[in-house]
Every structure is written in structure tokens, then in C-alpha cells.
Amino acid sequence: MGDSKKRNDEDKPIIEWAKVENYMHRKIKNLPEMKMEVQKFSEGFSNLTFLIRFGEWEAVLRRAPSGYVPPKAHDMHREYMILRKVNPVFPVAPKPYLYCDDSDIMDKPFYVMEKKQGVVIDGALPEKYPNTKETKQQISSEVVRTLVELHSIDYKKASMDEMGRPEGFLERQIHGWIKRYNLSKTEDLNFIDEVEKWLINNLPSTKETTIVHNDFKLNNMVFDTEDPRQITGILDWELSTVGDPLTDLASALVCWGEEGDPPIGIAMITNQPGFYSRRDFLNDYAQQSGRDVSNIHYYLTFGFYKLAVIQQQLYYRWKIGEIDDPRLETLKESIYNLMKLADNARFQQV
């Protein structure tokens with residue numbers, strides 16, 4: 001217990017906000033000469049996010065968590081560079097203002113970006129939205145339209161080819177996530193070996209390369225406060241790269257819950273009547289994009305498996321005492337459910 005408490009204390013960020021304030025005044029033109037206010041958005045197991053205010057001027061500061069950070073994880077410079085490349089061609093991505101890796105300013109690298117105005121839909125509809133089927137259909141349609149728009153961008157013109165390696169993308173993804181799972185495995189699920197073998201032996205050829213967000217889910221989107229037909233922001237670009245767009249589509253479908261889904265460890269509202277089903281989502285995407293989605297079951301298998309591994313890595317860190325958070329014990333159930341969904345997806349369409 002003592003070691004755990006010590007580790008938690010070490011993981012708490014010590015930020016000298018006066019240094020950050022002075023730095024922002026030096027680097028951002030026409031910043032209001034007012035006292036900076038700071039409000040913490042989130043402090044979980046991922047990057048730390050803060051709302052920064054100078055009067056009515058607002059921005060968001062992102063930095064890596066304190067304590068040990070695995071190599072290549074929580075790369076603030078990469079995320080900042082992605083936004084610099086994507087924002088001009090896809091303006092719902094926040095505009096980045098500055099990046100700083102000066103340890104005299106903050107102990108961890110950070111960047112500051114535009115604050116997208118609107119509402120995030122998580123566990124319930126925003127108060128100003130009518131709770132109707134029409135509203136839920138409008139939200140669903142706008143999510144699909146925005147994903148199609150992202151996948152239509154010429155990634156080379158956006159210089160995003162510098163941020164990833166398209167050749168062999170899917171194969172690297174499959175082998176990489178299988179390796180991650182086996183390094184963090186805590187339970188013996190006798191059907192997982194077959195899922196992994198199937199993913200390796202049935203690898204499809206990639207027909208197209210696009211920008212992929214890699215975490216395209218509803219609570220990473222900002223909607224207009226009053227209009228469910230308009231997304232004003234797409235957040236959390238840390239996992240973005242260039243690769244097979246069907247991996248992005250499948251990740252979106254995995255997080256687009258529908259009625260009858262077992263618990264999979266993430267908050268959902270789309271399982272309520274009125275929202276698109278996964279089949280509706282897929283059909284709309286196929287019609288708008290013109291892409292062949294006939295082998296989506298492969299990508300869905302991988303999508304469920306990948307989300308299970310992400311949770312397994314957290315569960316493993318809790319189990320060995322690296323994270324002191326009893327809530328993570330509940331991931332054991334959702335990991336099993338996701339792995340079963342992956343197993344089932346091999347043999348069925350959406």
C-alpha cells in the first residue's frame with residue numbers, strides 16, 4: 001500500500017501555471033492582457049487536459065500524464081503536428097497554437113489548441129435537443145457524414161504521409177495488438193488463440209489509404225449547442241495516422257453500441273431507440289463513400305479485439321498494483337465480452 005501511495009503522489013502533476021501564462025503571452029499574438037484561469041477537464045490514464053481562459057478567450061492545453069510514460073506513448077509533439085496538418089484541410093480538427101518541450105516551463109511536453117465550442121454527447125442528449133427519433137437520426141447521419149469527409153481528404157496534399165507508413169499498415173496493426181495482448185494477458189480464454197490465428201491468416205489486401213482518426217467515437221465529437229445536424233469539433237487525435245479507412249470505420253462501429261450489446265466498458269447512448277443501428281451506420285457510410293465494405297466482418301473482429309486489448313492493458317496494470325483504482329476490476333467482464341464479440345464477428349455480418 002505504501003508503494004502504491006508513493007506512486008500516486010509521484011503521478012500528480014506539479015504545474016507552475018504562472019510560467020505557462022508568461023510563455024503563452026510570449027508565443028500567442030493578441031492574447032488578452034487578463035489573468036489566466038485554469039480548469040481541469042480530465043485526469044485519467046491518458047493525457048491530461050485543461051481549459052485555459054483569458055477573459056472570454058479560451059483554449060485547451062494537453063500534456064502527458066505524470067510519472068512513467070512508455071516509449072512513443074503520449075507523444076505531444078506528434079499530436080501537435082497532426083493537428084497542424086489536418087486542421088487546414090479538415091477544420092473541425094482544433095487549430096493548434098503552440099507546442100512546448102521546455103522543462104523549465106513544465107515537467108512534461110504540452111501543446112495548446114483551439115477550444116471547440118458546443119456540446120459533447122455522452123450519457124444523455126443535450127438539454128436543448130428534442131428527445132425524438134428525428135434528433136437521433138440527425139446525430140447519426142452527421143457522424144457518418146463527417147467520417148466520410150475525413151476519409152475523402154488527400155492525405156498526401158495534407159503532408160500526412162510524414163506521420164505514418166501506409167505500406168503494411170494493417171499487418172503491423174494485427175501483429176502489434178496481438179503482441180500487446182500477450183504481454184498483458186491475465187486470464188486464459190481458450191478461444192482467443194483461434195481469433196488471433198484467423199486475423200493473421202485472413203488478412204485482406206488494403207485497397208485505399210486515408211487519414212484515420214483511430215478513436216472516432218461519439219464522445220470525441222463536439223456538436224453545435226442547438227443543432228444536432230452540425231459537428232463543430234473532432235477531438236483526441238493522438239492515435240491518428242494514415243492507413244486503411246476500414247479500420248477506422250470498424251472502430252467507429254465497435255463504439256457505436258446498439259440494443260442488446262453486452263457491457264463493453266464504455267459509455268453509450270446509441271443503444272437507445274432512434275439512433276442508427278450498426279447496419280444503418282455501415283450502409284450510410286458505404287453509400288456516401290462508395291467503398292466496398294463486404295469484408296467489414298474482418299475489420300470488426302479486429303476492432304472488438306483491439307478495444308479488448310486496450311482495456312486488458314489497463315486491467316493488467318491494476319492487477320499488478322501499478323494503478324490504484326478499484327474501478328478497473330470491472331474491466332474483466334467487458335474484456336471477456338469484447339473478445340466474444342470479436343470471436344462472433346468472424347462468422348457474421350453487421
Side-chain angles (χ1 to χ4, degrees), residues 70-86 89-90 93 147-185 192-217 236-255 282 285-286 289-313 338-339 341-343 345-346:
K72 297 186 178 180
H74 309 291
D75 188 340
M76 293 294 97
H77 185 256
R78 184 178 185 278
E79 190 173 337
Y80 168 78
M81 290 303 299
I82 286 172
L83 289 177
R84 281 192 61 178
K85 295 172 185 299
V86 173
V89 294
F90 191 61
L147 183 60
V148 171
E149 181 184 351
L150 174 62
H151 291 168
S152 71
I153 293 168
D154 186 329
Y155 73 93
K156 290 182 179 178
K157 286 186 179 178
S159 299
M160 273 293 288
D161 49 333
E162 302 169 5
M163 307 305 297
R165 293 181 294 146
E167 189 172 345
F169 167 79
L170 186 56
E171 185 175 8
R172 286 196 309 274
Q173 287 281 304
I174 298 299
H175 286 282
W177 285 100
I178 289 174
K179 181 178 179 180
R180 290 182 185 96
Y181 177 67
N182 285 282
L183 287 174
S184 60
K185 187 161 61 173
I192 296 305
D193 286 348
E194 287 301 314
V195 174
E196 293 173 345
K197 289 176 185 175
W198 185 86
L199 286 169
I200 293 170
N201 293 334
N202 292 276
L203 191 75
S205 59
T206 296
K207 298 178 180 178
E208 187 180 1
T209 296
T210 70
I211 298 172
V212 292
H213 181 275
N214 261 335
D215 201 13
F216 199 86
K217 57 184 182 180
D236 286 358
W237 290 83
E238 61 185 296
L239 300 176
S240 302
T241 185
V242 289
D244 190 329
L246 297 186
T247 61
D248 218 16
L249 171 61
S251 292
L253 287 169
V254 163
C255 295
L282 180 66
Y285 178 91
S289 68
R291 290 191 176 93
D292 178 6
V293 297
S294 58
N295 62 349
I296 193 64
H297 65 290
Y298 179 91
Y299 294 90
L300 270 176
T301 300
F302 177 50
F304 284 122
Y305 179 90
K306 179 180 173 181
L307 183 55
V309 177
I310 291 170
Q311 295 184 13
Q312 178 65 42
Q313 289 175 311
L338 284 163
M339 287 300 193
L341 286 166
D343 189 29
R346 291 187 290 155

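Keep in mind the model is a prediction, meaning the values are calculated, not measured.
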Just verifying a value: how many Å separate [X] [atom1] and [Y] [atom2], rounded to the nearest 0.5 Å?
X      : Y      : atom1 : atom2 : value
Leu239 : Arg78  : CG    : CZ    : 8.5 Å
Ser159 : Met81  : OG    : CE    : 9.0 Å
Leu203 : Trp198 : CG    : CH2   : 10.0 Å
Leu253 : Lys217 : CG    : NZ    : 14.5 Å
Leu307 : Cys255 : CG    : SG    : 5.5 Å
Asp215 : Ser240 : CG    : OG    : 8.5 Å

Considering residues at least two apart in sequence or located in another chain, which fulfil the side chain to side chain contact (heavy atoms under 4.5 Å, CB included) criterion with [X]?
X      : answer
Asp236 : Arg62, Asn220
Asp154 : Lys156, Lys157
Ala93  : Leu83, Val86, Phe90, Trp237
Asn295 : Pro204, Leu246, His297, Tyr299

Could you tell me whether the side chain of [Y] reaches within less than 4.5 Å of the side chain of [X], counting heavy atoms only?
X      : Y      : result
Tyr305 : Leu338 : no
Ile192 : Glu196 : yes
Lys179 : His175 : no
Ile82  : Ile211 : no
Met339 : Phe304 : no

With [X] via side chain to side chain donor-acceptor pair (under 3.5 Å) - residues at least two apart:
X      : value
Gln312 : Thr186
Tyr285 : His151, Arg291
Ser205 : none
Glu149 : Arg145

Donor-acceptor pairs are to be reported for all side-chain atoms of residues 162-170 against protein atoms at under 3.5 Å, with residues two or more places apart or in another chain.
residue, atom, partner, partner atom, Å
Glu162, OE1, Lys85, NZ, 2.8

- request: Inspect the surroundings of CD in Glu171 and state if more than 12 heavy atoms from other residues, nucleotides or ligands are less than 6.0 Å away.
  value: no

message: side chain to side chain contact (heavy atoms under 4.5 Å, CB included), that's the test. Do Thr210 and Val242 meet it? Break it down for me.
response: CA-CA 5 Å; Thr210 70; Val242 289; over 6 Å; no

- prompt: Of Ile174, Ile178, Asn214, which is the lone residue that meets side chain to side chain contact (heavy atoms under 4.5 Å, CB included) with Lys306?
  reply: Asn214

- prompt: Do the rings of Phe216 and His213 sit parallel, tilted or perpendicular, given the 30° and 60° boundaries?
  reply: perpendicular

message: Applying salt bridge (Lys or Arg N to Asp or Glu O under 4.0 Å), can you list everything that pairs with Asp161, at least two apart in sequence or on another chain?
response: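 Per chain and number, Asp161 pairs via salt bridge (Lys or Arg N to Asp or Glu O under 4.0 Å) with no residue.
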
Asp343: salt bridge (Lys or Arg N to Asp or Glu O under 4.0 Å) partners, not counting sequence neighbours: Lys340, Arg346

message: Could you report the tightest heavy-atom contact between Thr247 and Asp244, atom names first, then the distance?
response: OG1-O, 2.6 Å

- prompt: Closest heavy-atom contact between Gly303 and Val254?
  reply: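 Shortest heavy-atom separation between Gly303 and Val254 comes out as C-CG2, 3.6 Å.
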
